[in-house]
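Below: the structure, in C-alpha coordinates.
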Amino acid sequence: QVQLVESGGGLVQAGGSLRLSCAASGPIVSIAKMGWYRQAPGEQRELVASITSGSTNYADFVKGRFTISRDNAKNTVYLQMNSLKPEDTAVYYCTAVIASPSLRNYWGQGTQVTVSS
(Lines give C-alpha, C1' and ligand atoms only; values in the text may rest on other atoms or scores of the structure.)
Protein backbone atom coordinates (compact mmCIF):
# COMPACT_ATOMS: atom_id res chain seq x y z
CA GLN A 1 0.00 0.00 0.00
CA VAL A 2 1.19 3.51 -0.78
CA GLN A 3 2.04 5.51 2.32
CA LEU A 4 3.08 9.10 2.99
CA VAL A 5 5.09 9.83 6.13
CA GLU A 6 5.72 13.39 7.33
CA SER A 7 8.49 14.57 9.60
CA GLY A 8 10.05 17.81 10.80
CA GLY A 9 7.24 19.35 12.80
CA GLY A 10 7.72 20.76 16.27
CA LEU A 11 7.66 23.84 18.46
CA VAL A 12 9.31 27.03 17.28
CA GLN A 13 9.24 30.68 18.31
CA ALA A 14 7.68 33.33 16.10
CA GLY A 15 10.13 34.36 13.40
CA GLY A 16 11.82 30.98 13.41
CA SER A 17 12.04 28.27 10.77
CA LEU A 18 11.14 24.62 10.27
CA ARG A 19 11.61 22.23 7.38
CA LEU A 20 8.96 19.58 6.82
CA SER A 21 9.62 16.42 4.82
CA CYS A 22 7.23 13.88 3.33
CA ALA A 23 8.38 10.60 1.83
CA ALA A 24 6.14 8.41 -0.30
CA SER A 25 6.68 4.66 -0.30
CA GLY A 26 5.04 1.54 -1.67
CA PRO A 27 4.08 0.34 -5.17
CA ILE A 28 4.50 3.72 -6.87
CA VAL A 29 4.40 3.95 -10.64
CA SER A 30 4.62 7.73 -10.81
CA ILE A 31 3.78 10.84 -8.80
CA ALA A 32 1.83 13.56 -10.59
CA LYS A 33 1.63 16.12 -7.78
CA MET A 34 2.70 16.55 -4.18
CA GLY A 35 1.68 19.20 -1.71
CA TRP A 36 0.94 20.38 1.79
CA TYR A 37 -2.30 21.26 3.55
CA ARG A 38 -2.79 22.43 7.10
CA GLN A 39 -5.60 22.38 9.62
CA ALA A 40 -5.79 24.45 12.78
CA PRO A 41 -8.08 23.46 15.68
CA GLY A 42 -11.69 24.24 14.83
CA GLU A 43 -10.76 25.34 11.31
CA GLN A 44 -11.11 23.93 7.81
CA ARG A 45 -8.21 22.20 6.12
CA GLU A 46 -6.52 24.57 3.66
CA LEU A 47 -3.96 24.29 0.89
CA VAL A 48 -0.50 25.59 1.75
CA ALA A 49 1.53 24.72 -1.35
CA SER A 50 1.78 22.17 -4.14
CA ILE A 51 4.33 21.15 -6.74
CA THR A 52 4.34 19.36 -10.08
CA SER A 53 7.19 18.70 -12.49
CA GLY A 54 6.70 22.15 -14.01
CA SER A 55 5.26 24.51 -11.44
CA THR A 56 4.65 25.46 -7.83
CA ASN A 57 1.59 26.97 -6.23
CA TYR A 58 1.32 28.81 -2.90
CA ALA A 59 -1.47 30.08 -0.74
CA ASP A 60 -1.42 33.85 -0.33
CA PHE A 61 -0.79 33.61 3.40
CA VAL A 62 2.59 31.88 2.91
CA LYS A 63 3.96 33.60 -0.20
CA GLY A 64 7.44 34.92 0.42
CA ARG A 65 7.87 32.84 3.57
CA PHE A 66 7.48 29.18 2.57
CA THR A 67 9.20 27.24 -0.22
CA ILE A 68 8.09 23.87 -1.56
CA SER A 69 10.57 21.56 -3.30
CA ARG A 70 10.94 17.90 -4.17
CA ASP A 71 13.46 15.14 -4.72
CA ASN A 72 12.04 12.89 -7.41
CA ALA A 73 14.62 10.16 -6.85
CA LYS A 74 13.51 9.86 -3.21
CA ASN A 75 9.78 10.43 -3.82
CA THR A 76 10.03 13.16 -1.23
CA VAL A 77 8.56 16.65 -0.96
CA TYR A 78 9.79 19.37 1.39
CA LEU A 79 8.32 22.53 2.84
CA GLN A 80 10.81 25.11 4.08
CA MET A 81 8.96 27.43 6.45
CA ASN A 82 10.60 30.72 7.39
CA SER A 83 9.39 33.75 9.34
CA LEU A 84 6.83 31.61 11.11
CA LYS A 85 3.87 33.27 12.79
CA PRO A 86 1.61 32.03 15.60
CA GLU A 87 -1.23 31.78 13.08
CA ASP A 88 0.82 29.14 11.23
CA THR A 89 0.15 26.77 14.12
CA ALA A 90 -1.64 23.72 12.72
CA VAL A 91 -1.32 20.09 11.80
CA TYR A 92 0.41 19.97 8.43
CA TYR A 93 -0.62 17.15 6.09
CA CYS A 94 1.29 15.86 3.10
CA THR A 95 -0.74 14.90 0.04
CA ALA A 96 0.15 13.35 -3.28
CA VAL A 97 -1.50 12.25 -6.51
CA ILE A 98 0.10 8.89 -7.24
CA ALA A 99 -0.31 6.23 -9.91
CA SER A 100 -0.25 2.80 -8.26
CA PRO A 101 -1.02 2.07 -11.07
CA SER A 102 -4.32 4.00 -11.15
CA LEU A 103 -4.22 7.67 -10.11
CA ARG A 104 -5.35 8.30 -6.55
CA ASN A 105 -4.96 11.02 -3.97
CA TYR A 106 -3.12 9.98 -0.79
CA TRP A 107 -2.72 11.66 2.59
CA GLY A 108 -0.14 11.43 5.34
CA GLN A 109 -0.99 11.27 9.04
CA GLY A 110 0.10 14.85 9.67
CA THR A 111 2.79 16.56 11.70
CA GLN A 112 2.15 19.21 14.35
CA VAL A 113 3.66 22.66 13.92
CA THR A 114 3.33 25.01 16.89
CA VAL A 115 4.57 28.60 16.73
CA SER A 116 4.77 30.44 20.03
CA SER A 117 4.41 34.20 20.48
Side-chain angles (χ1 to χ4, degrees):
Q1 189 69 43
V2 171
Q3 291 186 338
L4 303 177
V5 180
E6 303 101 332
S7 62
L11 175 65
V12 66
Q13 293 183 342
S17 299
L18 286 172
R19 190 190 193 207
L20 306 183
S21 300
C22 172
S25 63
I28 297 169
V29 176
S30 63
I31 301 178
K33 180 187 291 186
M34 302 188 82
W36 295 91
Y37 282 70
R38 71 186 189 187
Q39 188 168 26
E43 302 293 328
Q44 299 292 108
R45 188 171 297 187
E46 60 187 350
L47 175 69
V48 177
S50 63
I51 186 168
T52 66
S53 62
S55 65
T56 57
N57 184 48
Y58 296 95
D60 288 342
F61 54 82
V62 302
K63 285 182 178 177
R65 299 190 296 126
F66 293 6
T67 302
I68 189 168
S69 61
R70 68 182 187 182
D71 185 333
N72 293 330
K74 296 181 179 180
N75 291 330
T76 299
V77 64
Y78 306 94
L79 186 68
Q80 178 66 47
M81 305 186 295
N82 299 324
S83 302
L84 283 162
K85 306 173 181 179
E87 50 263 46
D88 294 319
T89 296
V91 177
Y92 283 70
Y93 295 92
C94 177
T95 187
V97 179
I98 297 173
S100 186
S102 300
L103 283 174
R104 278 190 58 191
N105 189 258
Y106 295 87
W107 291 90
Q109 293 298 308
T111 185
Q112 177 70 47
V113 171
T114 302
V115 184
S116 63
S117 300

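Connection of Val62 to Tyr37 is not established within any shared hydrophobic cluster, with ILVMFWY side chains joined at heavy-atom distances below 4.5 Å, either directly or through further cluster members. Cluster membership for Ile51 and Val2, using ILVMFWY side-chain heavy atoms within less than 4.5 angstrom, is shared. Both Ile28 and Tyr106 belong to a single network of hydrophobic side chains, linked directly or stepwise wherever heavy atoms of I, L, V, M, F, W or Y lie under 4.5 Å apart. Both Leu18 and Phe61 are members of a single hydrophobic cluster when ILVMFWY side chains are connected at heavy-atom separations under 4.5 Å. The hydrophobic clustering, which links ILVMFWY residues whose side-chain heavy atoms are closer than 4.5 Å, places Val48 and Val12 together.
Using cut-offs of 30° and 60° on the angle between ring planes, the pair Tyr92 and Phe66 is tilted.
Using a distance-only test at 3.5 Å, with no hydrogens or angles considered, no donor-acceptor pair links the side chain of Gln80 to the main chain of Thr67. No donor-acceptor pair under 3.5 Å is formed between the side chain of Gln109 and the backbone N or O of Glu6. Side chain of Ser100 to main chain of Ile98: no donor-acceptor pair is present (N/O by atom type, distance under 3.5 Å, no hydrogens or angles). Between the side chain of Tyr58 and the main chain of Arg65, no donor-acceptor pair closer than 3.5 Å is present. The main-chain N or O of Val115 is found under 3.5 Å from a side-chain atom of Thr89 such that the two form a donor-acceptor pair.
In terms of heavy-atom proximity, Cys94 sits nearest to Val77 at SG-CG1, 3.9 Å. Closest heavy-atom contact between Val91 and Gly110: CG1-CA, 3.8 Å. In terms of heavy atoms, Val29 sits closest to Pro101 at CG2-CA, 3.8 Å. The shortest non-hydrogen separation linking Ile68 to Gly35 is CD1-CA, 4.1 Å. Residues Tyr93 and Gly108 come closest through the heavy atom pair CD2-O, 3.6 Å. For Gln112 against Ala90, the heavy-atom pair with the smallest separation is NE2-O, 3.4 Å.
The distance from the OG atom of Ser53 to the CD1 atom of Ile31 is 12.0 Å, given to the nearest 0.5 Å. Summarising the geometry, atom OG1 belonging to Thr52 is positioned 12.5 Å from atom CE belonging to Met34; distances are rounded to the nearest 0.5 Å. One distance of note links NZ of Lys74 with SG of Cys22; it measures 14.0 Å at 0.5 Å rounding. We find the CD-CD distance between Gln39 and Gln44 to be 7.0 Å, quoted to the nearest 0.5 Å. Here OG1 of Thr76 is found 10.0 Å from CG of Leu4. Values are rounded to the nearest 0.5 Å. Note that the NZ atom of Lys85 and the OG atom of Ser117 stand 13.0 Å from one another [nearest 0.5 Å].
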What do the steps show when you test Trp36 against Met81 for side chain to side chain contact (heavy atoms under 4.5 Å, CB included), and what is the final call?
CA-CA 12 Å; Trp36 295 91; Met81 305 186 295; over 6 Å; no
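No more than 12 heavy-atom neighbours from other residues, nucleotides or ligands sit within 6.0 angstrom of CD on Gln3. In this structure, Glu87 places its CD atom where more than 12 heavy-atom neighbours from other residues, nucleotides or ligands lie under 6.0 Å away.
Between Thr95 and Asn105, the side chains place a donor N or O and an acceptor N or O closer than 3.5 Å (distance only, hydrogens not considered).
A salt bridge links Lys63 to Asp60: one of the charged nitrogens lies within less than 4.0 Å of a carboxylate oxygen.
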